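Encoded as structure tokens, the structure appears first; notes follow it.
What's counted below: heavy atoms across the whole structure, side chains too, no hydrogens, waters or symmetry copies. On a predicted model such as this, the values are computed, not experimentally measured, just so you know.
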Amino acid sequence: HVQLVESGGGTVQSGGSLRLSCAASGYEYSTYCLAWFRQATGKEREGVARISSGGITIYADSVKGRFTISKDNAKNTLYLQMNSLKPEDAAMYYCAADPSPFRCSSTYVDGFRYWGQGTQVTVS
């Protein structure tokens, strides 16, 4: 049974930082494409960043240079370091995992098999 549990969300002032975590269990974590998505109220879900099994990262243009996705295979944990936060970054953030490398080909690819419950980020 695959489980993804996000944490680390909260309220931060514009220009501040947060680090999100996603703890995973129930599958061979290191071989999966892992991703962060976000969905703001009234908007469609968008891909923020993803990291392949080999550690290759890609980012949405809106977060490049400000966000960093990383993972710790030994801890089965995915991270999203968010710096220089802007009000438009406020959203529910979700982590996702999928065994297909195709999911890591673009931040526009969706169809991830496994999802967390989300963690709220508010930027004031």
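For the atom pair CG of Leu78 and OG of Ser21, the computed distance is 8.5 Å after rounding to the nearest 0.5 Å. How far CG of Asp98 is from SG of Cys104: 8.5 Å, rounded to the nearest 0.5 Å.
Using a 30° and 60° split on the angle between ring planes, Trp115 and Tyr94 fall in the perpendicular class, above 60°.
Residues Arg19 and Leu80 have side chains not in contact (no heavy-atom distance under 4.5 Å, counting atoms from C-beta outward). A heavy-atom distance below 4.5 Å is not found between the side chains of Arg113 and Val2. Annotation: side chain of Lys71 is not in contact with side chain of Tyr32 (no heavy-atom distance under 4.5 Å). Inter-residue side-chain proximity for Thr107 and Val48 is flagged as unmet; no heavy-atom pair is nearer than 4.5 Å. A 4.5 Å side-chain heavy-atom check between Ser52 and Cys33 finds every atom pair outside the cut-off.
Judged by distance alone, with hydrogens and angles left aside, the side-chain atoms of Tyr79 form no donor-acceptor pair with the main-chain N or O of Thr68 at under 3.5 Å. Checking side-chain atoms of Gln39 against main-chain N and O of Ala91 turns up no donor-acceptor pair under 3.5 Å. Between the Lys75 side chain and the Ala23 main chain, no donor and acceptor come within less than 3.5 Å of each other. Between the side chain of Arg50 and the backbone N or O of Val109, at least one donor-acceptor pair lies under 3.5 Å.
With hydrophobic clusters built from ILVMFWY side chains whose heavy atoms lie under 4.5 angstrom apart, Val121 does not share a cluster with Met92. In this structure, Ile69 is not a member of the same hydrophobic cluster as Phe112, with clusters built from ILVMFWY side-chain heavy atoms closer than 4.5 Å. Under the 4.5 Å side-chain heavy-atom criterion for Ile, Leu, Val, Met, Phe, Trp and Tyr, Phe37 and Tyr59 are members of distinct hydrophobic clusters.
In terms of heavy atoms, Lys86 sits closest to Ser14 at CA-OG, 4.3 Å. Ser30 and Ser53 make their closest contact through O-CB, 3.3 Å (heavy atoms, listed as atom of the first residue, atom of the second, distance). Taking each heavy atom of Ala97 and Leu34 in turn, the nearest pair found is CB-CD2, 3.6 Å. Listed here is the closest heavy atom pair of Tyr93 and Arg38: OH-NH1, 3.0 Å. Leu4 and Ala24 get closest at one heavy-atom pair: CD2-CB, 3.6 Å. Contact between Cys95 and Glu6 at its shortest, heavy atoms only, is N-OE2, 2.8 Å.
When the options Val123, Leu85, Thr122 are evaluated for a side chain to side chain contact (heavy atoms under 4.5 Å, CB included) with Leu18, the one that passes is Leu85.
Ion pairing between Asp110 and Arg103 fails under the 4.0 Å rule for side-chain N and carboxylate O.
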Problem - side chain to side chain contact (heavy atoms under 4.5 Å, CB included) assessment of Ser17 paired with Gln81 - result: CA-CA 7 Å; Ser17 298; Gln81 178 67 44; 4.0 Å; yes
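No side-chain donor from either of Thr77 and Asp72 sits under 3.5 Å from a side-chain acceptor of the other.
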